[in-house]
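Below you'll find the structure, written out as structure tokens, and then a few comments.
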Amino acid sequence: MRRLFFALIALGAAAAPALADEDFSKCEARYAAIGLPVLKSGGDPEPIAVCHQGYAVAFNPDSRVPYWVIERVPKAQLSGKAKRSNKFLPDPALGDASPVDADYRASGYDRGHQAPAGDFKSSQPMTNESFFFSNMAPQVGKDFNRGIWRILETDVRSWILCGDRPELYIITGPVFDEKEKWIPKGKQRVRVPDGFFKVIYDPTRKRALGMLLPNKALDTDTLPQYAVAIKTIEQRTGLVFFPALNKRSQTVLKSSKGILWGVDGSCQAGE
DNA sequence: CTGCCGCAC
DNA sequence: GTGCGGCAG
């Protein structure tokens, strides 16, 4: 009992990391080449903008998951010795609006990273920040988050690490059906997405790829069939991607259903 | 928090 | 072995 008491104190002390969030203008600058995703409706409710070193978020304070999370991943960011902290922390940038561990506990859902922890191997602070709840959404664990979704994340990294792409922009977020599902466990509920998208942009080759997967157990081998036109993701989410690109480029990039990209020969992962 | 466990690749 | 998690102590 005494031991548990001290453990709780230690947890409480560690829960105030005081990792300062960056001024959001820094994120606007970092993603200026393609522009941050725009909510067609203006957002209902209005998103809370969060800027961290490795990613930016438009957080929905009602559903309490992100509208979107954007990363810009240069090759050098994928190499290093940073370790997963496994400390899922309330995001200080969200204040009281941040989900907390108790909101997910015993829900049966994983606290699923939107920007994956593995995208920040070069930096322990950036890896730690990826565990903020501003970057989480409830995901089916077995055969989704730990399966096909992880494979997708690994493939994207391999396209940078092994595919002669100096960097990629990656936007990740949830999609919802009309029928609402919520985790009612915590003091504040969290909405359970019915699916997740990734929109990936290669600024060097000027190519883009959309992926849209249902939030349920899936056969890993079926990943290619979840490629969709980015236009489809826009219709489903009410988001507009790449607002800084000219109309003609946007139309071309968003109109056709893509296929998963490849990698160079002798590189690990991929497939 | 630290450690150990399962699962998939 | 590596990366995604959970859970016990």
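The basis for the numbers below is simple: all heavy atoms, side chains too, and nothing from hydrogens, waters or symmetry mates.
Contact annotation: A:Asn145 does not reach the phosphate of C:dC4 (side-chain N/O to OP1 or OP2, under 4.0 Å). In terms of phosphate contacts, A:Lys142 brings no side-chain nitrogen or oxygen within less than 4.0 Å of OP1 or OP2 of C:dC4. At C:dG5, one or more side-chain N or O atoms of A:His113 fall inside 4.0 Å of OP1 or OP2 (strictly under the cut-off).
Among residues two or more places apart in sequence or in another chain, the side chain to side chain donor-acceptor pair (under 3.5 Å) test is passed with A:Lys121 by none. Residues passing the salt bridge (charged side-chain N to carboxylate O under 4.0 Å, His left out) test with A:Arg146, sequence neighbours excluded: A:Asp110. The side chain to side chain donor-acceptor pair (under 3.5 Å) test applied to A:Arg111 returns A:Asp101, not counting sequence neighbours. Residues that satisfy the ring pair (Phe, Tyr, Trp, His ring centres under 6.0 Å) test with A:Trp149, not counting sequence neighbours, are A:Phe144, A:Phe196.
In this structure the side chain of A:Asn86 reaches within 4.5 angstrom of the side chain of A:Phe131, judged on heavy atoms.
Among the atoms of the strands shown, none is found under 4.0 Å from any heavy atom of A:Lys83. The residue A:Gly118 sits close only to the backbone: its heavy atoms come under 4.0 Å of sugar-phosphate atoms, none of a base.
Listed in residue order, the members of residues 67-76 of chain A having a heavy atom less than 4.0 Å from DNA chain C come to none.
Distances from the side chain of A:Arg111 to the nucleotides C:dG5, B:dA8, C:dG6 place C:dG6 closest.
In this structure, A:Lys181 places its NZ atom where more than 12 heavy-atom neighbours from other residues, nucleotides or ligands lie under 6.0 Å away.
Where A:Ala82 and A:Phe88 meet DNA chain C, the nucleotide closest to each residue was compared, and A:Ala82 sits on the side nearer the 5' end.
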- Query: Between A:Gln124 and A:Asn128, does a side-chain hydrogen bond (donor to acceptor under 3.5 Å, both in side chains) hold up when you go through it step by step?
  - Reply: CA-CA 6 Å; A:Gln124 192 63 55; A:Asn128 294 349; 2.9 Å; yes
- Represent DNA chain B in dot-bracket notation, 5' to 3'. Only Watson-Crick or G-U wobble pairs with both distances under 3.5 Å count; pseudoknot-style crossings use [ ] and interstrand partners use |. |||||||||
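Checked against A:Asp119 for a side chain to side chain donor-acceptor pair (under 3.5 Å), the options A:Gln77, A:His113, A:Arg157 give a single hit: A:Arg157.
For A:Arg146 and B:dA8, a side-chain-to-base donor-acceptor distance below 3.5 Å is absent, hydrogens and geometry of angles not being considered.
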